[in-house]
Amino acid sequence: MASFSQPALREALNGISGILVTPFDAQDQVVAAPLQPIVDRAVAAGVQVLVANGNTSEFYGLQASEAERGVHLSAQCIAGRVPLVAGVGRSVHEACALARVSRDAGADALMVHQPPDPFVAPRGVEDYVRRIADAAGDLPLVLYLRNENIGLPAIEALCRIPQVMGIKWASPTPLVLAAAMRRVADRQLAWVGGLAEVWAAPFYAVGARGFTSGLINVLPERSVAIYNALEAADYPLAMRLVDEMLPFEELRAQENNGTNVTVVKTALQLMGDDCGATRPPSAWPLADGPAQQLRALLQGWNLLR
C-alpha cells in the first residue's frame, strides 16, 4: 500500500527524483545489503523521491523477476521515509504485471518508460499508458519522455489521462517542453527535468521544477545543494555547483553514454559500497584513464575510504 497521499506525492515530485542503482553480488544476483547505505544517505541529505527500476537501475538489463525484486528491496530500504516511484515498461503485458507487483510492494507511483519499440504509433502509446493505468489501480503515473517524436497532440492526450500526475521530460528541448506545459496548464501536472543536474536550470527557466539524479547514489548533498539554489532562484550559485560536478557527468557520457551507470557503480566501489558490475550492453569495467579521473574527482570530494 502506498505510504503518501497524492497531494504529498505531487509536492515531492517538485523536488529531486533520485534514481537508485540495482546492486549485484559477485554471482550477478540482485542483493539488498549494498542498497541500504545509499538510500540512507539520500534520505538524510533531503532527496525528496527515490526511484526503483529507472535507467540508472539498469532496468533494461533486468529480468522481470529481478525488476520485481528490485522494487521490493527498494521499498524495504526506504521504509516509507520518502515516496517510492517504481519504473515499469517493455511489453505492455510486462509493464502491467510489474505495475501490479509494484503497487503491492508499496510503491507510491509508477514511472512509465517510453516504449523503445521501433514501431510506435502516437495512439498506440496512449493505449499502452491507459492499460498500465488500469493495471495500476489507484496509483498515479509519471510519464518518462526521452523524446517528443510522437508530437505535441499525442503528448497532450497522454497528459490528460486522469491517472497521470507528472512528466519526466528527458529531451534537451526546453522550448518544446514549455509548449507542452502550456497545452495542459489546467491539469497542474508535475513537470520534472529528466536530464539530471546539468539541464535543471534551463528546465527551471521555462517552469519545470525538480530534476532526476543518478549522482544521489554517490553525493546526494551536492544534488540537494543544486536544488536549493534553483529553488532560491540563485542561478549563479546553481551553475557553479553544476560546474563542479560536471566532470562526473562527462565521464558518464563517454562511450555513447554507455558508461552512465558504470561510473556510478565504480564510484560506489571506490567509496566502499560495492554494488557489483554493470551488465552488457553497458561498459564494464571503466577504462583506465576515466577510472583515474574518477578516483581523483572522488578524492577531491573527500569520498574515498
Discussion item. Between Arg305 and Asp273, does any NZ, NE, NH1 or NH2 come within less than 4.0 Å of an OD or OE carboxylate oxygen?
Written reply: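 Salt bridge: yes.
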
Worksheet item: Would you call Asp186-Arg160 a salt bridge at under 4.0 Å N-O?
Response: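 Salt bridge flag = yes for Arg160 with Asp186.
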
Between [atom1] on residue [X] and [atom2] on residue [Y], distance to nearest 0.5 Å:
X: Arg69; Y: Gln63; atom1: CZ; atom2: CD; answer: 13.0 Å
X: Ser57; Y: Ile19; atom1: OG; atom2: CD1; answer: 6.5 Å
X: Met111; Y: Leu143; atom1: CE; atom2: CG; answer: 10.5 Å
X: Leu297; Y: Gln292; atom1: CG; atom2: CD; answer: 13.5 Å
X: Ile16; Y: Ile226; atom1: CD1; atom2: CD1; answer: 8.0 Å
X: Arg209; Y: Leu230; atom1: CZ; atom2: CG; answer: 8.5 Å

Report yes or no: do [X] and [Y] belong to one cluster of Ile/Leu/Val/Met/Phe/Trp/Tyr joined by side chain heavy-atom distances under 4.5 Å?
X: Val39; Y: Leu303; value: yes
X: Met239; Y: Phe203; value: no
X: Val164; Y: Leu177; value: yes

Worksheet item: Under 6.0 Å from the CG atom of Asp28, do we count more than 12 heavy atoms belonging to anything else shown?
Response: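 Yes - once you tally the heavy atoms of other residues, nucleotides and ligands closer than 6.0 Å, there are more than 12.
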
Discussion item. Can you tell me if Asn256 has over 12 outside heavy atoms packed within less than 6.0 Å of its CG?
Written reply: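 No, CG of Asn256 has 12 or fewer neighbouring heavy atoms, counting only those of other groups under 6.0 Å.
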
Listed by chain and number, what are the salt bridge (charged side-chain N to carboxylate O under 4.0 Å, His left out) partners of [X], not counting sequence neighbours?
X: Glu250; answer: none
X: Glu249; answer: Arg252
X: Arg183; answer: Glu156

Flag, side chain of [X] to backbone of [Y], donor-acceptor distance under 3.5 Å:
X: Asn53; Y: Ala67; result: yes
X: Thr266; Y: Val263; result: no
X: Asp108; Y: Leu9; result: no
X: Lys265; Y: Ala277; result: yes
X: Arg187; Y: Ile161; result: yes
X: Glu126; Y: Leu158; result: no
X: Asp117; Y: Val120; result: no
X: Asn217; Y: Gly214; result: yes
X: Asn14; Y: Gly210; result: no
X: Arg10; Y: Leu189; result: yes

Show the nearest heavy-atom pair for residues [X] and [Y], with the distance to one decimal.
X: Val47; Y: Pro220; result: CG2-CB, 4.1 Å
X: Glu255; Y: Ala283; result: OE1-CB, 3.7 Å
X: Cys275; Y: Pro34; result: SG-CB, 3.7 Å
X: Phe59; Y: Gly87; result: CE1-O, 4.1 Å
X: Val88; Y: Ala99; result: CG1-N, 3.8 Å
X: Ala86; Y: Val71; result: CB-CG2, 3.5 Å

Heavy-atom distance under 4.5 Å between the side chains of [X] and [Y], does that happen here?
X: Leu141; Y: Val129; value: yes
X: Glu58; Y: Val21; value: no
X: Pro285; Y: Thr262; value: no
X: Pro115; Y: Tyr128; value: yes
X: Ile167; Y: Val192; value: no
X: Gln48; Y: Val82; value: no
X: Ile38; Y: Leu268; value: yes
X: Cys96; Y: Arg100; value: yes

With [X], which residues qualify under side chain to side chain donor-acceptor pair (under 3.5 Å), at least two apart?
X: Arg222; answer: Glu244
X: Thr212; answer: none
X: Tyr144; answer: Asn55, Arg146
X: Arg90; answer: none

Worksheet item: Applying side-chain hydrogen bond (donor to acceptor under 3.5 Å, both in side chains), which residue pairs with at least one partner in residues 198-207 are found, sequence neighbours left out?
Response: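 Applying side-chain hydrogen bond (donor to acceptor under 3.5 Å, both in side chains) to every pair that reaches into residues 198-207, excluding sequence neighbours, yields Tyr204-Glu231.
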
Worksheet item: Tyr235: what forms a ring-ring contact (aromatic ring centres under 6.0 Å, His included) with it, not counting sequence neighbours?
Response: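 ring-ring contact (aromatic ring centres under 6.0 Å, His included) list for Tyr235, sorted by chain: empty.
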
[Y] and [X] side chains, donor-acceptor separation under 3.5 Å:
X: Glu94; Y: Ser91; answer: yes
X: Gln36; Y: Asp40; answer: yes
X: Glu197; Y: Ser213; answer: yes
X: Glu66; Y: Thr22; answer: no

Practice prompt. Return each pair, listed once, that meets ring pair (Phe, Tyr, Trp, His ring centres under 6.0 Å) where at least one residue sits in residues 265-296; pairs must be two or more places apart or across chains.
Written response: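 As it turns out, there is no ring pair (Phe, Tyr, Trp, His ring centres under 6.0 Å) pair with a partner in residues 265-296 once direct neighbours are skipped.
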
Worksheet item: Pairs in or reaching into residues 60-84: which pass ring pair (Phe, Tyr, Trp, His ring centres under 6.0 Å), with residues at least two apart or in two chains?
Response: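 As it turns out, the ring pair (Phe, Tyr, Trp, His ring centres under 6.0 Å) pairs with a partner in residues 60-84, which skip direct neighbours, are Tyr60-His113.
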
Worksheet item: Apart from Val30 itself, which Ile, Leu, Val, Met, Phe, Trp or Tyr residues share its cluster (side-chain heavy atoms under 4.5 Å, direct or through members)?
Response: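 Val30 clusters with Phe24, Leu62, Leu73.
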
Worksheet entry | Stepwise side-chain contact (heavy atoms from CB on, under 4.5 Å) check, Leu251 with Thr259 | CA-CA 7 Å; Leu251 287 171; Thr259 56; 5.7 Å; no

Practice prompt. Just do the side-chain contact (heavy atoms from CB on, under 4.5 Å) check on Trp191 and Val206 with the steps written out, would you?
Written response: CA-CA 10 Å; Trp191 293 87; Val206 299; over 6 Å; no

Worksheet item: Yes or no on side-chain contact (heavy atoms from CB on, under 4.5 Å) for Ile155 and Trp169, after CA distance, side-chain angles and deciding distance?
Response: CA-CA 11 Å; Ile155 291 172; Trp169 190 273; 4.1 Å; yes

